[in-house]
**Q** 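Below are the structure tokens for one structure; questions will follow.
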Protein chains: 2
Amino acid sequence: MAKSAELAKRAVKLGQDDPRRVTHSLKVGLALSLVSLFYYLQPLYEGFGVNAMWAVMTVVVIFEFHVGATFSRGLNRLLATVLGGAIGLGAHHLASLSGKTGQPIMLSFFVFLQAAGITFMRFFPRIKAKYDYGMLILILTFALVSVSGFREDKIFEFAHKRLSTVVIGSSACLIVSVIVCPVWAGEDLHRLIALNVEKLANFLEGFGDEYLRKLEDSDLNQDKSLFREYKSVLETKSKEESLAIFASWEPSHGRFGYRHPWKQYLKIGALIRQCAYRIEAIDSYLTIKFHAPPQVQTRLEELCAEMGMEAARASKQLSSSLKTMTTPSSATPHLEKARTAAKALKSLLKTTSWNHATDILAVVHAIC
Amino acid sequence: MAKSAELAKRAVKLGQDDPRRVTHSLKVGLALSLVSLFYYLQPLYEGFGVNAMWAVMTVVVIFEFHVGATFSRGLNRLLATVLGGAIGLGAHHLASLSGKTGQPIMLSFFVFLQAAGITFMRFFPRIKAKYDYGMLILILTFALVSVSGFREDKIFEFAHKRLSTVVIGSSACLIVSVIVCPVWAGEDLHRLIALNVEKLANFLEGFGDEYLRKLEDSDLNQDKSLFREYKSVLETKSKEESLAIFASWEPSHGRFGYRHPWKQYLKIGALIRQCAYRIEAIDSYLTIKFHAPPQVQTRLEELCAEMGMEAARASKQLSSSLKTMTTPSSATPHLEKARTAAKALKSLLKTTSWNHATDILAVVHAIC
């Protein structure tokens with residue numbers, strides 16, 4: 001009982017964190033129910049017979065969370081089915097020329113060669129990134145069409161039915177995924193990049209505003225939540241890359257045109273991660289407790305707070321102008337102010353003989 | 001012509017970089033040819049008929065590079081086929097109780113409910129990590145068995161044939177992937193972690209040995225290769241995680257028992273990445289040119305070189321004892337020496353009035 005209550009709570013949280021998960025699940029159910037009509041309605045069933053199951057299978061394996069991912073898998077599957085079917089028919093024809101005993105040997109050889117060759121091609125990074133699924137379906141369709149031909153007389157009909165059911169299944173997925181509450185990978189990428197800049201800003205804000213005022217405080221760990229959110233930025237690279245690939249498959253939508261420069265987002269993402277590495281290094285200093293002489297302490301706090309705040313303001317500006325796709329006009333003055341504060345801080349520390357001054361300087365260095 | 005020569009060159013390089021890619025491709029070809037025997041040999045074909053294509057399909061979608069990944073997909077597919085088939089038969093029976101017109105409505109409702117429910121379950125992080133593929137096959141088998149039942153009278157035979165062909169296909173994959181040059185994910189993870197420590201050591205070595213001696217040299221960028229290899233460490237997290245999951249599916253092999261503590265590797269991996277973030281921060285200092293007063297310069301070089309070298313020796317010790325699975329006995333003295341050098345360096349810099357001393361101190365801080 002306690003366990004299932006716990007499970008239900010987690011499920012509710014998953015749904016609340018991103019309600020699109022619930023709609024996605026309902027969409028998959030809808031597409032699958034639509035396609036299963038091919039079994040129930042007599043006129044539709046007469047056209048395809050048991051081959052209707054290819055349509056069901058296509059829906060299950062193609063329907064993904066993002067529109068771009070669904071398009072990527074759907075188009076990969078379609079093209080690979082056409083290509084694999086055509087080569088398979090060719091192989092079947094070639095093999096049938098070599099008589100009853102030669103045919104299975106030839107067919108086995110073709111299947112071996114094609115499977116080994118295409119499996120190797122899947123190791124090419126560019127193919128792996130965009131066409132991995134297509135390559136898989138190419139092997140599959142080739143093997144099914146060419147090998148089935150050994151037993152079935154109506155091999156053209158087999159290939160044709162497989163293709164048309166894949167078309168039906170893919171179309172059902174594409175239409176449902178675009179029409180019913182579409183989840184665009186491009187929009188998610190756009191939002192992710194802006195959010196990552198904001199997370200860095202939160203650290204800088206917390207650094208200037210909170211940390212140095214709490215030097216004597218031992219419960220620094222309390223407001224970790226916002227302050228340490230930047231840690232997730234360190235690990236979004238693969239997510240950004242796959243979103244960018246999905247986005248490149250998506251049709252034009254909203255503010256994003258067909259050839260929106262998705263690769264630029266990856267460059268910004270890499271720069272943000274560079275900053276996050278530095279911040280991670282700064283963060284490791286923050287566990288050290290400094291005890292400055294009182295006459296330095298007040299000025300130190302002021303300057304650190306200013307430096308952090310101004311850097312945070314500049315980052316927030318960048319983040320919001322990313323979101324709204326406008327030029328960040330007011331970021332530069334904030335950056336200038338941050339630099340001025342850093343310079344003042346440096347010269348303050350160089351003139352004091354305080355022992356921990358160099359530690360703080362290292363922090364200043366990492367920020368600017 | 002030039003393009004295809006370029007392509008061939010790249011293919012050769014891919015094969016040379018990791019010859020296991022070539023054997024993997026041949027293994028896939030072999031498994032597929034083996035399974036296609038079910039079409040060619042009359043006694044085998046009589047048993048399964050066209051259902052033999054499920055075996056072909058299973059091989060294509062299950063065979064992965066690592067043994068653990070193949071096991072994961074194979075066992076997921078098997079279990080999900082059994083479970084999905086059983087629930088599908090149950091749903092078919094329930095639906096058939098409600099008469100000719102009620103049956104398709106009930107079936108549609110069941111398919112919708114099951115697809116939506118399981119698609120939502122795929123969002124649970126733990127299920128996603130280990131059973132994502134199984135969930136997909138569960139939806140698929142349920143839909144195929146329950147919906148096909150509307151048309152086929154021999155639904156038990158359909159479910160039974162689907163299961164036995166999946167068993168045949170999976171077994172072919174598992175046997176070929178374990179017997180012919182197996183590629184163990186566990187071994188790859190083990191090697192990756194040790195290699196990552198070594199990459200950090202290479203930086204530290206290069207830092208002490210090369211960089212400070214070349215202070216006046218402008219061609220620092222030449223030996224980037226080894227020196228900057230650590231950058232790849234920053235981004236291996238997702239690779240480590242998937243290798244650890246695959247490894248947990250693998251049977252006992254070589255030095256790795258059945259319940260080898262794979263999760264510990266992830267902890268070490270996280271610590272290594274922490275170091276790499278620091279090194280990334282140090283590296284950003286190295287573009288600044290220091291011009292120390294001559295009397296300081298020599299001693300500075302000595303101490304920096306020693307600090308780097310000793311830290312590098314300690315890391316190399318750790319890396320090799322990871323590889324050989326022995327206790328790192330000689331790492332501690334090296335670390336002690338590195339700390340002593342760092343202390344000496346700090347006090348040297350504090351006694352000089354040189355302007356850039358604080359910059360160097362920041363570096364010392366980041367290393368120790």
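Here the structure is a predicted model, which is why all the values come from computation and not from measurement. First the proteins, then the strands, lettered A, B, ... as listed; each starts at 1.
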**Q** Which of the residues A/F110, A/W54, A/F63 is involved in the greatest number of heavy-atom pairs with chain B at under 4.5 angstrom?
**A**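 That would be A/W54.
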**Q** Could you tell me the separation between the CD atom of B/E235 and the CD atom of A/E235, rounded to the nearest 0.5 Å?
**A**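 Answer rounded to 0.5 Å: 11.0 Å.
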**Q** To check you understand the geometry: which heavy-atom pair defines the closest contact between A/L26 and B/F112, and what is its length?
**A**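 Result for this residue pair: O-CE1, 3.5 Å.
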**Q** In terms of relative ring orientation, are A/F123 and B/H24 parallel, tilted or perpendicular, with 30° and 60° separating the classes?
**A**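 Geometry flag for B/H24 against A/F123: perpendicular rings.
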**Q** So for A/A11, is it side chain, backbone, both, or neither that comes closer than 4.5 Å to the heavy atoms of chain B?
**A**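 Answer is both: backbone and side chain atoms of A/A11 are under 4.5 Å from chain B.
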**Q** Taking all non-hydrogen atoms of both residues into account, name the closest pair between A/L140 and B/M57 and its distance.
**A**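 In this case the closest contact between A/L140 and B/M57 is CD1-CA, 3.5 Å.
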**Q** Below 4.5 Å, heavy atoms only, C-beta onward: do B/V147 and A/V56 meet side chain to side chain?
**A**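 They are not in side-chain contact.
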**Q** At their closest point, which heavy atom of A/V22 faces which heavy atom of B/F120, and how far apart are they?
**A**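 Result for this residue pair: CG2-CE1, 4.0 Å.
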**Q** Looking at A/L107, A/L37, A/V111, A/I139, which has the largest count of heavy-atom pairs under 4.5 Å with chain B?
**A**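 Maximum pair count with chain B is reached by A/L107.
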**Q** Only pairs of heavy atoms separated by less than 4.5 Å count here; which of A/V28, A/L113, A/L234, A/I118 has the most with chain B?
**A**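 Among the listed options, the one with the most contacts to chain B is A/L234.
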**Q** Roughly how far, to the nearest 0.5 Å, is CZ of A/R126 from CZ of B/R10?
**A**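 It is 5.5 Å, given to the nearest 0.5 Å.
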**Q** Which bit of A/F109 comes within less than 4.5 Å of chain B, counting heavy atoms only: side chain, backbone, both or neither?
**A**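 It is neither, since no heavy atom gets under 4.5 Å.
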**Q** Run the side-chain contact (heavy atoms from CB on, under 4.5 Å) check on B/F124 and A/L14 step by step: do they pass?
**A** CA-CA 8 Å; B/F124 282 92; A/L14 265 182; 3.8 Å; yes
**Q** Other residues, nucleotides and ligands only: do more than 12 of their heavy atoms fall within 6.0 Å of NZ on B/K239?
**A**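 No, the 6.0 Å shell around NZ holds no more than 12 heavy atoms from other groups.
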**Q** Is it the backbone or the side chain of A/I105 that comes under 4.5 Å from a heavy atom of chain B, or both, or neither?
**A**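 It is neither, since no heavy atom gets under 4.5 Å.
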**Q** Might you point out which heavy atoms bring B/A143 and A/L32 nearest each other, and give the distance in Å?
**A**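 Of all heavy-atom pairs spanning B/A143 and A/L32, the closest is CB-CD2, 4.2 Å.
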**Q** Quick one: which of A/P104, A/A115, A/A276 has the most heavy-atom pairs under 4.5 Å with chain B, could you say?
**A**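 That would be A/P104.
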**Q** Measuring from A/K27:NZ to B/T119:OG1, what's the distance to the nearest 0.5 Å?
**A**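 One gets 11.5 Å once the value is rounded to the nearest 0.5 Å.
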**Q** Where does A/Q274 contact chain B at under 4.5 Å (heavy atoms): side chain, backbone, both or neither?
**A**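 The side chain, not the backbone.
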**Q** Please report the shortest heavy-atom distance between A/S33 and B/S108, naming the atom on each side.
**A**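 Minimum heavy-atom contact is OG-O, 3.7 Å.
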**Q** Stepwise, does the side-chain contact (heavy atoms from CB on, under 4.5 Å) test hold for B/L136 with A/V60?
**A** CA-CA 7 Å; B/L136 209 67; A/V60 175; 4.1 Å; yes
**Q** Heavy-atom distances under 4.5 Å only: say whether B/L34 touches chain A with side chain, backbone, both or neither.
**A**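 Looking at B/L34, nothing touches chain A.
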**Q** What part of B/S238 gets closer than 4.5 Å to chain A, counting heavy atoms only: side chain, backbone, both or neither?
**A**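 When you check distances to chain A, only side chain atoms of B/S238 fall under 4.5 Å.
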**Q** Rounded at 0.5 Å granularity, tell me how far CZ in A/R21 sits from CZ in B/R122.
**A**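 Going from the CZ atom of A/R21 to the CZ atom of B/R122 covers 13.0 Å.
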